[in-house]
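Here the structure is laid out as structure tokens; the discussion comes afterwards.
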Amino acid sequence: MSSLHTLAHRNAAGVLPYVAAGDALLLIEEACYLLAEQELLTTLPEHIALYVLEEDLIARGLDNMALPKNATRIDYQRFVELCCHKDKVINWFDK
Amino acid sequence: MNETTADATTPSPMEMTFISQSSPYGGSRAQLCLDMVLAAAVFDQSVNYLFLGDGVYQLLIGQEGDRIARKTLSKGLQALELYGVGKVVVSAEDIAQRGLSTGDLCIPCEALSVTDIKAMISRSDAVFTL
């Protein structure tokens, strides 16, 4: 089964181990800041599609930040489409 | 969806995984997750109850929540067996990191590796994290 993981906080280290090959990882809310940290990219397993919600980037003034090559900006419509295309959605919210 | 059982009125249970990541008395998330697990179990779903990170502190023996005017969470966890929740899992890595072993925990738990937990999450029909 293929899952969409939505990550809403900066503790990527606690979540990435549970993202399986073929899954998608969508950065929302505070997780947008992870794109400024190289660490996320080096620890991201292969075959994981990486997305970031542009509304949250723009809201934080991160709109002009150079995105890593493997990250795709998506809007709310693509977010909904992703939810529909995956078997399930797993929300990793802040503790 | 095709029913595998003869009784078409009874849908086959879903495999649901509940991930509890919060310590027991820092907020209400630990209790809320337990409530969700018990509700799912009442409806005969196949439930995995998974404790990650600081969530493993919910399982410590000897809690006395009444000292701080709270319900003792570990007492509620004793009800899991009664509700038919057999699959209680902790991250082996996360308990070791906190200097604990399964012997320190108030109910029988299976300590699984990150790889096995990832497989469990992946095969579940629904996953909730609190």
Side-chain angles (χ1 to χ4, degrees), chain A residues 1-34 37 39-53 56 70 74 79-95, chain B residues 1 12 14-34 36 40 45-58 73 89-98 111-130:
Chain A
M1 283 214 281
S2 170
S3 309
L4 169 65
H5 299 257
T6 62
L7 175 58
H9 55 78
R10 293 173 72 175
N11 177 22
V15 173
L16 288 181
Y18 305 111
V19 180
D23 287 355
L25 175 65
L26 170 61
L27 307 179
I28 60 171
E29 299 172 23
E30 292 298 281
C32 290
Y33 292 113
L34 287 168
E37 298 164 16
E39 199 186 341
L40 170 78
L41 306 167
T42 53
T43 54
L44 193 67
E46 288 179 42
H47 313 300
I48 307 288
L50 178 63
Y51 299 93
V52 58
L53 189 63
D56 284 324
N70 58 336
I74 62 168
F79 184 2
V80 174
E81 283 167 10
L82 263 182
C83 293
C84 295
H85 289 147
K86 295 291 179 182
D87 296 303
K88 62 176 179 285
V89 180
I90 305 174
N91 301 302
W92 299 92
F93 294 139
D94 212 353
K95 282 182 275 177
Chain B
M1 205 195 285
S12 51
M14 283 172 75
E15 179 169 357
M16 303 174 96
T17 295
F18 294 85
I19 304 177
S20 199
Q21 304 182 92
S22 307
S23 54
Y25 304 105
S28 55
R29 284 175 166 252
Q31 182 66 49
L32 288 172
C33 195
L34 174 59
M36 285 171 73
Q45 302 305 303
S46 169
V47 172
N48 304 317
Y49 197 178
L50 170 59
F51 294 87
L52 294 184
D54 285 345
V56 302
Y57 287 129
Q58 295 174 38
L73 193 91
V89 176
V90 292
S91 157
E93 196 178 285
D94 291 347
I95 58 169
Q97 202 178 64
R98 288 161 179 77
L112 293 185
S113 67
V114 167
T115 309
D116 289 339
I117 291 170
K118 180 158 75 174
M120 188 172 86
I121 290 173
S122 195
R123 69 161 189 263
S124 299
D125 295 300
V127 178
F128 302 92
T129 65
L130 260 177

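A, B, ... follow the sequence lines: proteins, then strands. Residue 1 opens every chain.
From L50(B), atom CG reaches atom OH of Y18(A) across 7.0 Å, with rounding to the nearest 0.5 Å.
Taking T115(B), T17(B), I121(B) one by one and counting their heavy-atom pairs under 4.5 Å with chain A, the maximum is reached by I121(B). Residue with the most contacts toward chain A among D125(B), T129(B), I117(B): T129(B) (heavy-atom pairs, distance under 4.5 Å).
When the shell of 6.0 Å around CD of E15(B) is examined, it contains more than 12 heavy atoms from other residues, nucleotides or ligands.
Residues R123(B) and M1(A) share a closest heavy-atom pair of O-CE, 3.2 Å. Of all non-hydrogen atoms in W92(A) and I19(B), the two that sit nearest each other are CH2-CD1, 3.7 Å.
Residue contact with chain A, scored on non-hydrogen atoms closer than 4.5 Å, is absent for S23(B).
Taking the salt bridge (Lys or Arg N to Asp or Glu O under 4.0 Å) definition, one finds that D94(B) meets it with nothing, sequence neighbours left out. For E29(A), there are no side chain to side chain donor-acceptor pair (under 3.5 Å) partners two or more places apart in sequence or in a different chain. The side chain to side chain donor-acceptor pair (under 3.5 Å) search around Y25(B) returns Q63(B), not counting sequence neighbours.
Using a 4.5 Å cut-off between non-hydrogen atoms, the part of residues 81-89 of chain A that approaches chain B consists of K88(A), V89(A).
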